[in-house]
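Here the structure is a predicted model, which means the values were calculated and not measured.
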Amino acid sequence: MLADNQWPAASAIADRLLADAGIEHWEGEEAAYRDLCRMILRASAQAAEIHLARLKGDYSAAPPIRRSSRSRSPSSCG
């Protein structure tokens with residue numbers, strides 16, 4: 001889909017993200033909207049590749065685990 005420039009497939013996700021952010025009008029910003037949709041497709045493709053690798057037992061593509069400042073370290077539990 002990304003290689004074929006079929007960004008409209010991601011438009012529902014883009015529309016939802018924009019609505020959640022309070023952005024309603026994209027008049028004159030069609031190129032930016034298309035870029036957003038392409039980024040969504042790219043992220044989806046990367047997630048699918050990682051998922052397939054994990055199904056095969058390859059976790060090397062796993063992103064580093066981030067702990068929020070609110071999470072407790074193991075030494076502080078108990």
Side-chain angles (χ1 to χ4, degrees):
M1 292 166 93
L2 185 60
D4 297 331
N5 200 27
Q6 294 184 14
W7 57 268
S11 64
I13 296 170
D15 291 344
R16 178 63 187 262
L17 289 171
L18 294 170
D20 288 350
I23 301 170
E24 297 178 12
H25 302 288
W26 274 78
E27 295 170 14
E29 297 292 335
E30 291 82 9
Y33 182 80
R34 185 176 58 245
D35 289 344
L36 174 61
C37 290
R38 287 183 54 78
M39 286 187 266
I40 290 168
L41 287 175
R42 184 176 294 122
S44 178
Q46 290 172 343
E49 289 175 5
I50 291 170
H51 180 70
L52 288 174
R54 288 181 177 178
L55 288 174
K56 296 176 184 177
D58 178 5
Y59 285 80
S60 63
I65 296 173
R66 290 185 174 178
R67 294 183 185 264
S68 70
S69 59
R70 288 183 253 170
S71 66
R72 296 170 36 181
S73 66
S75 61
S76 67
C77 294

Could you go through residues 9-22 and list every donor-acceptor pair under 3.5 Å that involves a side-chain atom there, pairing it with any protein atom two or more places apart or in another chain?
| from | atom 1 | to | atom 2 | distance (Å) |
| --- | --- | --- | --- | --- |
| S11 | OG | P8 | O | 2.7 |
| D15 | OD1 | Y33 | OH | 2.6 |
| R16 | NE | D20 | OD1 | 3.2 |
| R16 | NE | D20 | OD2 | 3.3 |

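- Here A32 pairs with W26, E29 under the side chain to side chain contact (heavy atoms under 4.5 Å, CB included) rule; sequence neighbours left out.
- For the atom pair Q46 CD and I50 CD1, the distance stands at 7.0 Å (nearest 0.5 Å).
- A distance of 12.0 Å separates SG in C37 from CZ in R42, rounded to the nearest 0.5 Å.
- Qualifying side chain to side chain donor-acceptor pair (under 3.5 Å) partners for D58, counting only residues two or more places apart in sequence or in other chains: S60.
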